[in-house]
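Take a look at the structure below.
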Amino acid sequence: MRHFIGKRAFASALSLIGLIVLVFFLSRLTGDPTALFLPLDASLESRERFRELHGLNDPIIVQFGHYVWDVLNLDFGDSIRKARPALEVVLSAFQWTLILALTTVFLVTVAAIIIGSLAAFYAGGVFDRIATFLSLIGASAPDFWIAIVAIVLFSVNLGWLPTSGTGTIWHWVMPIAVLFIRPFGLALQVVRGSMITALSSAYVKTARAKGVKASPIIFVHALRNALLPVITVIGDLAAGMLNGAVVVETIFGFPGVGKLMIDSILQRDFTVVLAAIMVSAMAIFLMNLLIDIAYSVLDPRIRY
Amino acid sequence: MSAHLLEVRDLSVEFHTVHGQVKAVQSVSFHLDPGETLVILGESGSGKSVSASAVMNLIDMPPGEITSGEVLYRGKSLLDMTGEERRAINGAKIAMIFQDPLAHLNPVYSVGWQIIEMMTTHGMPSDQAKQRAIELLLRVGIPDPESRMRAYPHQFSGGQRQRLMIAMALALKPDILIADEPTTALDVTVQAQILALLKELQAETGMGLLLITHDLGVVAEVADNVVVMNAGEIVESGPAGEVYANPQHPYTKRLIASAPGRGEMAEPVKAPGEPLLRLEGLSKSFGKFEALKDASLTVMPGEIVAIVGESGSGKSTLAKTLLRLEEPTSGEAFYKGRDLFKMSQKELFGMRRDIQMVFQDPTQSLNPRMSVYDLISEAWVIHPEILPKPKWRERVAELLGLVGLSPDHARRYPHQFSGGQRQRIAIARVLALEPKLVVCDEAVSALDVSIQAQVIDLLDGLRRDFGLSYIFIAHDLPVVRDFADRVVVMQGGRIVEEGTVRQIFEAPRNDYTRALLAASLDPDPEVQAKRRAARLELEVLRP
Amino acid sequence: MTDTDQIPDKALEKEPNAFAQMMRMLWHDKVALVAVIFLIIVAFCAIFGPWLLDAAATKQNLRGRNSPPFDMAKGWLFVLGGDALGRPLFARIIVAASNTIMVATGAVLCSMVIGSTLGLIAGYTKTRASQIILRLADVIMSFPSLLLAVIVLYMLSPSVTNIIIVLAITRIPIYLRTTRAEVLEIRERMFVQAARVMGASDMRIIFRHILPVVFPTLLTIATLDFAFVMLAESALSFLGIGIQPPEITWGLMVSQGRPYLTNAWWLSFWPGLAIILTTLSLNLVSNWMRIALDPVQRWRLEIKGKKQ
C-alpha cells in the first residue's frame, strides 16, 4: 500500500510538472508576458519596469529556472489586484468551494445510489422510466441556463431566495441545487447501468436461491459490486467541482475558487490564476488517492 | 398415495427472444422422493436447466413466462405462493448449486460471510451460524476452516469453490438439493471427488438430489432415476440402468450410441521415414512460473497424437508455443527438418500455411462480424498464391460441402449457426490453407456429445482423404481413446507418460495416468458401479 | 451447458440486413425516433441556416427591440420574439446552430480519431510508446476539461479553431482509455489468435478484426460526448472566453440575454432550450444505441416493437 501511494505520488508529480511547464511556455511564448500580468491599459513605462523587476529580459531558460524555484517554494507572487500573497487569496476562496463541493457531492452520491439502484431493480417499470428520463434531462441541462432561470423564478418573481452572497443558509440553496442537477443526472445513469449488470450476475442468482430478501440483494449483494464504476464517475465529478464550479459561482456571486479564477482572468491577475491552478491540482491528487483507496476497500481482489 | 417431495406437473415455459416466442420447456413432468437422486440429462438447448430454475423462482420474467403447469413441494403449490413464502423455502428447504462457482459466489464478500448469511437469512442467530459454518467447511473438506472463513472466493481453487457452494447449500439441511452441471468446468479427478462428496452428504441427510447434466458418465455415477430431455420435452424417463441398457426413444438411442470410449482402439502406425514434427526440450516460463518443462515429442505424417492432461498441465501452452503465439523460453521444434523457432518472420509466414489450429470454442474463434465467405476466403487474402480470386467462390462452396454444410451458407454470419456447425466452418477455414498438420486445442470439448461424434468423424475422414496429421489436445479420455494413435499424458508442465493408445489405456505405467483413468466416468451404470466398488475397496485397504 | 441454453438457439434463421434491422428497431422506439428526427433538423439548420437566414438574423430593427414571443404581427421570424437590438430570435437561433454544431462536431471528430488511434497503439503494442501515451492521458485526465480550456483560451485567442483544439485535447483521454481497454480484451480473443495463426499481418488484424468490434462502443461514446462538448462550449461562450461576438453561438446568446432577464426572459430562455433539447436528444440516441448495438440486450427493443 505504501509502495502504491509512492507510485501515485510520483505519477501526480509528473502531471504537476507537465502542467507547470505548460503554463510557463504558454505564458511566455504566446506573445508579450506583460500583457498577461499587467492591466490592458498599462503604460509602456510600467511594462518596461515590470520586465526589469521580474527578469523578463533574461534568457528564457533563466526565467524558467526562477519560475520553477518560486513554484516549488509555493511562492506565486502577490496578487496585483488585492496586494496580498496570491496563495493566501486562493486558499481563502478555496474553503468556500470545499464546503460547496463536498455538500453537493455527498447529496449527489446518496441520491444517485438510492434512486439509481431502485431504478435498476425495477428496470423497465414506471419508476425506472421516470427516473431515467429525469436524469437524462438533468444530464442535458446547461447549468448556466438552469441558474438564470432559477434566479428569475425564485428570486425575481417569487422572491423566496437571495440571488447572491453567502450570508444565510438560504444563500446556499440555489448554488447547491443548480450544481447538483447535472452530476446527479450523470451519476444516476452510471449507477443504474452498473446495477443492472450486477443484478443480472450469477452471484445474485445464488442469493435469490438462498432466499435472501430483495433489499439486501440490491443494497448488499449487488451494490458493492456495482460501486466501482460509480466511484470513478463521482470522483471525476468531484474533481470538477473542487476546481470551482466556475459557472455557478460566477452567476451566484459565490466567493469560491471558480469565481476567483474567472475574475482574475478578466482582471489580468495572473499570479492568482497560477496559484489557483496549483492548489486545485493538489486537491485533485489527494482525491484521486482517496478514490484508489476506496477501490481496494470495496473490492478485495484489488490489492496495490 | 402420499405427496412426493417435489413434483413438477405439465410445466411449460416460454421465452421472448429476437426470433419471437420460444418454447424452452413443454409439458414437463417429473418427481423426486427423499433420498432419491434424479438426473435430468440433456444437451444444450434441451431446456434441462429451465425447469430447475422454475422450482427456485429464478426465471427472469420477462423475458420468461410460465405458461402452464404446477410445481409442488410436499404437495403445496410453489407457483401459487407469495414471494415471501417462496423465499422462506429457497435455501432452507430447497437449495441449489451451480456450474462455475467462481461466478456464483459474490466476489466482494468473504466466503464465511456468505455461508453465515444463508443461515441468518432464515433466522438463525449469528454466533450459532458462525459455529455451524466452521463445521460445514470442515465437513466439505476445506482445511483450516477458521482462518479460511475470512478468505474471498478468488483465493480458492475451482474444486474448493464448488465445495464452498455445497457447504452453503447444505447449511440448513434442506430436503432437496438441485445441482445444475455442478462438475462441468472441473477436472476429471476433481469431478469424481465432488460427486462422491454429494453422494456422501445425501446419505447423511437423506435429502433428494436433483442433478442436471449433459454427461452420460455423471448419470452412470450418481443417478437412481433419469429424465432425458430434448428440445424442451421429456423423451424418456426411468431407472438409470434400465434406460441405458434398453433405451426406447430414438433420441436416447442416438445419445447413448454417440457416447465416446467404446470404439476400436487404433493400432500403432508403422512409422516409415522422417517425422513431420519433432519437439526437443521445449520449455516456457511466465515470469517465475514454469508452464512447460522440457517437453519432447514427435508426430509422424498422417498420425494423430493426443495430448491429455488437466487444467494447468501445460498442454495449451505447448500448442501456443508450437504455433509461435507464445515465444518459447528454450527448446527446438523441427518441422520437416527446419527449426520453427529460428525462422524469420518471413519464413514463418510461409510456414503458417502448413501448421493450422482449430480452437476450442468456435463461437469465439470466428469473427462475429464476418460472413462465412469472408471467414473462409480470408485465408487466400493472406496467402494469395494458393488460389486466384475468380475461383474463390467456387472453392468456398466446395469446402463447405466437404465439411457437411451447404454452399448457400456462405452468405450467413456465425451467430446464425449452431455450435457444431460453427466448428465445421472453423475446420473449413483451416482446410482453405491446405495444411499438413492441424493442432486441435480442445476442439470438441465445448460441443454436445452427439455433435462431438460427428466432428470427430469429419476430422478422421479428412485425415484419410488429405493425409493430415493432428495434435489433438483434450481432457476427455474416452474421446482420445477412440480417435488417437498415440497419447501423451501431461501433468504440471511435464510429459509424464507417452505410448500407443492401447498401452496408455490398458497398461498405464504412471500413477497420474492411472488416477486419470480411474476418475473418468463410463456411460454404462454397471461399469461405473463396478469401478465405484473397486475404488471403495482401495480406500478401505489404504489405511 | 451454460446459462444461455435457457433459450434454444434457432440456427439458420433468415435475418434482414443490418441497416434495415436498425431502422425497424428505431421505428419501434418512438422516443429515440423523435430524438433522431430532431437531430436531423438541427443538423439541417447548422448546414443551411447561415446561408438562408444570415441577412434576417443580423438585420437590426429598433422597433422590434425585446419584442415578446408568439406575436406574429412582425412576421414569422419573430415567433420567438426579438433581441435587444430587435433582431428576430428564431432566425438567430437557427444561424447560431451552425457555430455551436461546428465546434462540437470538430472537437468530437478530432478527439475520436486521435484518441482511438492512440488507444489502438497503446492497447496493441507493448512498447515504451504505449506507456508514454498512457501517462499523457493521465496528465490530461487529472484536469477537468473546463478549467484547462479556460487557461488555454486565456492565453491564446478564442477563435473557433482554438476552441475546437482545446476541447478536442481535453476529450482525447476518454476515447484513448476506452479503445485501449477494449483492444486489450479483444486481442486476446480467439478469432484474433486464429487470424494470427493464419499469418495475418498486424494491420489486417487491427483494421479487419479489432476495429469493427470496437467501433460501436466508440460511436456510442461519441454521441454522448457530443452533448458534453456542446455544453462545455456553451459554458465557455457564456463566460465570455469562448467564441466572441459578432459570431454567435447558443451559449453566447444566453449570456447576451442575461442583462434583460427581469423584463425579457425569452432572450436567454429560447437558446437555452435549444441547447437542452439537442443534448437531450443526443443522450437519448446514445442510450438507444447502447442497447441496439448490443446483441445481448437487443431483444428489449424487438419485443417492444411486436406489441405495438
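These numbers were taken from a predicted model, which means no experiment stands behind them. Reminder, nothing fancy here: chain letters follow the sequence lines and each chain counts from 1. Heavy-atom basis, side chains included; hydrogens, waters and symmetry copies ignored.
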Kindly indicate, with the supporting measurements, whether the criterion side-chain hydrogen bond (donor to acceptor under 3.5 Å, both in side chains) is fulfilled by E117(B) and H221(A). CA-CA 11 Å; E117(B) 190 203 26; H221(A) 283 269; 2.7 Å; yes

For residues [X] and [Y], report the shortest heavy-atom separation together with the two atoms involved.
X: A214(A); Y: R87(B); answer: N-NH1, 4.4 Å
X: L58(B); Y: K205(A); answer: CD2-O, 3.7 Å
X: P107(B); Y: P300(A); answer: O-CG, 3.5 Å

Residue [X] excluded, over 12 heavy atoms near [atom1] under 6.0 Å:
X: Y122(A); atom1: OH; answer: no
X: E85(B); atom1: CD; answer: yes
X: F133(A); atom1: CZ; answer: no

Is chain A contacted by the side chain of [X], its backbone, both, or neither, given a heavy-atom distance below 4.5 Å?
X: N57(B); result: backbone
X: E84(B); result: side chain
X: I97(B); result: neither

Hey, could you give me the NZ/CG distance between K210(A) and L172(B), rounded to the nearest 0.5 Å? 10.5 Å

Do side-chain atoms of Y152(B) reach the backbone of D299(A) as a donor and acceptor pair under 3.5 angstrom?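 No, because the side chain of Y152(B) does not come within donor-acceptor range (under 3.5 Å) of the backbone of D299(A).
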
Is a side-chain donor or acceptor of T206(A) paired with a backbone partner of H104(B) at a separation under 3.5 angstrom?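 Flag set: sc T206(A) to bb H104(B) pair under 3.5 Å.
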
Using the rule given for side chain to side chain contact (heavy atoms under 4.5 Å, CB included), can you reason through Y203(A) versus Q114(B), listing the C-alpha separation, both sets of side-chain angles and the distance that settles it, and then say yes or no? CA-CA 10 Å; Y203(A) 53 81; Q114(B) 296 186 54; 5.8 Å; no

Option that, when pairs with chain A are counted at under 4.5 Å, heavy atom only, ranks first among R86(B), M118(B), M56(B): M118(B)

Looking at P153(B), G91(B), A92(B), which has the largest count of heavy-atom pairs under 4.5 Å with chain A? G91(B)

Considering only heavy atoms, which portion of V204(A) lies under 4.5 Å from any heavy atom of chain B: side chain, backbone, both, or neither?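 When you check distances to chain B, no heavy atom of V204(A) falls under 4.5 Å.
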
